[in-house]
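Letters A, B, ... are given to chains in the order of the sequence lines, protein chains preceding strands, and every chain is numbered from 1. These numbers come from the heavy atoms of this one structure, side chains and all, not from hydrogens, waters or symmetry mates.
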Amino acid sequence: MNNLQTPDTLKTFLAEQEQKTLLRFLTCGSVDDGKSTLIGRLLYDTKLIYEDQLAALESDSRKWGTVGEEIDFALLVDGLEAEREQGITIDVAYRFFSTSKRKFIVADTPGHVQYTRNMATGASTADLAIVLVDARNGILTQTKRHTFIASLLGIRHIVVAINKIDLVDYDQNAFERITEEFKAFSAELGFDTITPIPLSARFGDNVTELSPHMGWYDGPTLLGHLETVDFESDHSSAPFRFPVQYVVRPNLDFRGFAGTVAAGSVAVGDSIVVAKSGKSSKVSRIVTMDGDLQNAVEGQAVTIVLDDEVEVSRGNMLVAPEERPHVADQFAANLVWFSEDPMIPGRQYILRTETDSVSASITALRHRIDVNSFAHEAATCLDMNEVGYCHLSTQAPLAFDAYADNRATGAFVLIDRVTNATVGAGMITHPLRRASNVHWQALDVDKKSRSEQKGQKPAVLWFTGLSGSGKSTIANLLEKRLLAEGRHSYILDGDNVRHGLNRDLGFTEEDRVENIRRVGEVARLMVDAGLLTLVSFISPFRAERQLARDMVEDGEFFEIFVDTPFEECAKRDPKGLYAKALRGEIKNFTGVDSPYEVPENPDIHLKTLGKSAEELLDELIEALKQKGALS
Amino acid sequence: MQPRTDTSQHLSHLKRLEAEAIHIFREVAANFEKPVMLYSIGKDSSVLLHLAMKAFYPAKPPFPFLHVDTTWKFQEMVAFRDETAKRLGIDLLVHINQDGVDRGISPFEHGSNIHTHEMKTVGLRQALDKYGFDAAFGGARRDEEKSRAKERIFSFRNAQHGWDPKNQRPEMWKIYNTRVSKGESIRVFPISNWTELDIWQYILLEDIPIVPLYFAKTRPVVERDGMLIMKDDDRMQLEAGETVEQKLVRFRTLGCYPLTGAIESDADTLEAIVSEMLTARTSERQGRLIDKDESGSMEKKKREGYF
């Protein structure tokens, strides 16, 4: 780098820089296998550590270091205070370095089991994974788990870095034993390449230079392999995919669709199809601030102008007419669960793809996958860090490809509707065709005519509250009043429904979700029939009340929170249930050993303490009139 | 079927970084009600602004730009800021923590910690609350500092603008969780994956205007605590034994002038700056007084709402 001062050398250097490819990889493996040390070593040996950083590192090594007087490279990447204190990596960190051949982005991901979700995060954008194995310990549970997740997330190239080889006296047998064990367990995971390298991150053997201690090893150094591995699959020959992010409309004369080409290429004059509507059009311009382009390829962010005024909005996709994506509202996917709250079939989540967002639920958990043995197991829910194969159903159709064909258009995340947390990530395998054979039967008499006949506006009046709070009493009084006024109504009562329709369900969290889903569906049919439908259910979970709300149209659902404190309910105890639950004779009893999630914004809030049932009824009717539920 | 176009085109490293940033700008514009871009006048902000202009072309960016003015920026920065806003025709908001000004907060008297907290962090929180922004773009890069390396591109902030490093949302693929409740917000870092070299190369390639302070020129500087501080106005009082010297210097990063050290350099073109960078032996934040107060100080500031 000494002659860079001359303009020509600099120009050449910059031109080279510009032509470099970019390899994104991640490091994973069990705790203490030396991931951070290895990255620190790569940064150090590629001379990317500045003097002031080195000085800080030396002082940090004395304070926190775990290798005596020497420099602890792990401290270069463990940036959070808690990590330094505990000597572990908590969160995925991104590091950057380059050589004369390539630029690299490294995701350093944690080995602790509770942080597996961060490993998945790092893997989702990586093309290669370095799996570290401690030569003394061999393959561990975490090794298998991380290798499996790498495969699940579509990584095709693996480096097995057999680290701390100095601690087993550079033993060739140890290296070969671990290599064989790794290849045996990963055979069915479908990697394109598996490259085992014996190394010592701490001392630098086989990292950037071949080790003098391992004459028996004839493979590449780690860096040599990273610089040359052929990882770029042929994205450009894949069928054209362009998820629309944003409609650019500065004035009435310009309407362009902004997005990033997710696969393939497109040129001015090409025919395209709007995925969800099937409408065709032609590309008239490809606009960028640097001037119009003749064509655009995978990875480019452009704005496409079409020939005619075809309807396209965010969430839709412009695609190649001859090879279209699937458009469906039911599909199968592998799901990685991130949240401490388990994944429960039937519960509503927000599903997001790169640009689309829709309400969705898991209709069936087909099986859970044991990430150690890769065996399929029966399960009713997924806990944090578990992986399962599921069927999903969305409220509106999605345009997608199989994840194996396209990582950009075959992936999604699930978001909790209440906390907005990202609770899971999915990789679609294929669409489910069942729905296409069960079409909606169009009926001549509709909800409007049925309601007009009865002279009323149908609605769901959903009473929620603890057992014994007075839901059924108030609902019962209300229905008597409605009947007297000549209105048409029906009560769905929690206890009564459990004697019939839902007699097969118990009180676990999963069964409670299914209980509400069925009752929500029945309520929806009754609203369709034009009835005022009173539902009296404990319904302890916000997500399920939201699910029921989403089943009917806007303005047809009224959540009535019958608010009686736990102590009062337990004192009243009309059915003697609290006494039993508190003695431990009933499991999963709401308020005792199963939670009640208080409504945050109920349509009507009835505070019952110190009021008679008749007073509460009057208060309720007044509120229903105000909200427009009753005329 | 029509003939396929030649697809052998190869996207360079910088083109991929550019596309990633543009994608992120569009995601925010499509998902948030009131985004804003934090504009701090430095080279990273200049690149960020350039990318924002690209993302929505031929339309203008559908959000305003905000500068939190500590009142201690170099005069040339403020002039450049106003000229840039005028040249591009963008909506620029300037916010000053008036309470801090009234209390006479000064980096000379109160030190970098208090000054930065009051005039930058508190000032920023005030501005975000005042306008009710639900998303704010910043020009931070992961290669700058260790806690930045761990931050998401879409980084969630609670209603108090605090960052919880142990409880970050997993960020998969290019699918960003943009959902927030009332009062909460997201900080967005479109150039997270750029390095300092990428920034300079891009400025060179795209011919992006930057503040002249980055180029070497003879400037009045005072040596203090091992750093060369430019005497930008009379608020800087000389201490015993100090003298103002005229030196050929430039700045690798820009901030409040009393907290930003100059380096001796004769690099007066972009090409010369890149050459100098390639042979540099210290990191760019070395000239920043605010990172050195204690190890882990950036993480602490970020938890409190600093960018």
Side-chain angles (χ1 to χ4, degrees), chain A residues 1 4-5 7 10 14 17-20 22 50-53 60 79-82 90-91 93-96 103 105 117-118 120-121 124-125 236-237 245-246 248 250 254 258 260 265 267 270-271 287-289 295 297 299-301 314 322 338 352-354 407-408 411 413 415 420-422 425, chain B residues 1-2 4-9 11-16 18-19 22-23 26-27 29-30 53-60 142-143 145-147 149-150 165-166 168-175 177 179-181 192-193 195 197 201 204 271 274-275 278-283 286 295-296 299:
Chain A
M1 288 200 188
L4 283 170
Q5 304 296 346
L10 179 72
L14 289 176
Q17 287 286 317
E18 237 195 295
Q19 287 316 309
K20 280 181 191 174
L22 171 65
Y50 291 115
E51 279 166 8
D52 55 317
Q53 292 171 332
D60 283 350
L80 300 175
E81 271 175 25
I90 290 174
D91 207 330
Y94 295 92
R95 291 280 148 188
F96 309 84
K103 291 215 173 199
I105 299 181
R117 64 182 202 174
N118 293 317
T121 301
S124 72
T125 51
S236 51
S237 63
Q245 279 188 285
Y246 188 83
V248 179
F254 187 95
T260 304
S265 68
D270 276 4
S271 295
V287 178
T288 76
M289 196 168 90
N295 66 324
V297 297
Q300 269 180 299
R314 179 178 165 84
E322 64 276 18
F338 296 145
R352 269 202 72 153
T353 63
E354 219 172 85
R407 282 166 93 178
V413 301
I415 298 169
N420 289 332
T422 304
Chain B
M1 250 179 75
Q2 53 193 304
R4 275 213 189 283
T5 336
D6 170 39
T7 57
S8 56
Q9 228 166 299
L11 274 198
S12 75
H13 172 69
L14 274 179
K15 279 282 164 204
R16 288 211 180 259
E18 180 191 69
I22 289 174
H23 183 88
R26 291 166 172 172
E27 280 304 287
M53 298 303 288
K54 283 197 169 193
F56 304 98
Y57 182 86
K60 288 258 159 42
R142 284 169 173 161
D143 80 326
E145 199 272 339
K146 272 179 284 204
S147 68
K150 305 241 163 178
K166 283 199 218 167
Q168 302 194 74
R169 292 175 175 176
E171 199 161 83
M172 309 283 294
W173 304 287
K174 281 189 294 178
I175 304 177
N177 180 347
R179 291 178 62 90
V180 289
S181 297
S192 284
N193 288 326
T195 62
L197 179 60
Q201 273 181 251
L204 194 59
E271 287 82 357
V274 175
S275 300
L278 290 170
T279 48
R281 291 304 307 142
T282 53
S283 74
Q286 198 231 2
S295 193
E299 179 187 349

Give, for atom [atom1] of [X] and atom [atom2] of [Y], the distance between the pair rounded to the nearest 0.5 Å.
X: Gln245(A); Y: Ile22(B); atom1: CD; atom2: CD1; result: 10.0 Å
X: Gln168(B); Y: Thr422(A); atom1: CD; atom2: OG1; result: 11.5 Å
X: Gln300(A); Y: Arg16(B); atom1: CD; atom2: CZ; result: 9.0 Å
X: His13(B); Y: Ile105(A); atom1: NE2; atom2: CD1; result: 6.5 Å
X: Met172(B); Y: Glu354(A); atom1: CE; atom2: CD; result: 13.0 Å
X: Arg169(B); Y: Asn420(A); atom1: CZ; atom2: CG; result: 5.5 Å

Over all atoms of both residues, closest heavy-atom pair of [X] and [Y]:
X: Ser192(B); Y: Phe96(A); result: O-CZ, 3.8 Å
X: Ala19(B); Y: Gly299(A); result: CB-O, 3.0 Å
X: Arg26(B); Y: Tyr246(A); result: O-CD1, 4.1 Å
X: Ile175(B); Y: Arg352(A); result: CG2-O, 3.7 Å

Under a 4.5 Å heavy-atom cutoff, which of Val274(B), Leu204(B), Asn193(B) has the most pairs with chain A?
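Greatest number of close heavy-atom pairs with chain A: Asn193(B).
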
Heavy-atom pairs under 4.5 Å with chain A: which of Lys15(B), Glu18(B), His23(B), Lys60(B) has the most?
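Greatest number of close heavy-atom pairs with chain A: His23(B).
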
Interchain contact, Ala421(A) with chain B, by part (heavy-atom threshold 4.5 Å):
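Contact with chain B: backbone only.
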
Side chain from CB out, backbone as N, CA, C, O: work out which of these in Val287(A) comes under 4.5 Å of a heavy atom of chain B, or both, or neither.
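Looking at Val287(A), just its side chain touches chain B.
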
Start with the C-alpha gap between Glu27(B) and Arg314(A), add the side-chain angles, then the distance that decides, and say whether side chain to side chain contact (heavy atoms under 4.5 Å, CB included) holds.
CA-CA 10 Å; Glu27(B) 280 304 287; Arg314(A) 179 178 165 84; 2.9 Å; yes

Need one label for Ser181(B): side chain, backbone, both or neither, based on atoms under 4.5 Å from any heavy atom in chain A.
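Both the backbone and the side chain of Ser181(B) come within 4.5 Å of chain A.
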
Below 4.5 Å, heavy atoms only, C-beta onward: do Phe254(A) and Pro58(B) meet side chain to side chain?
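Sidechains of Pro58(B) and Phe254(A): in contact.
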
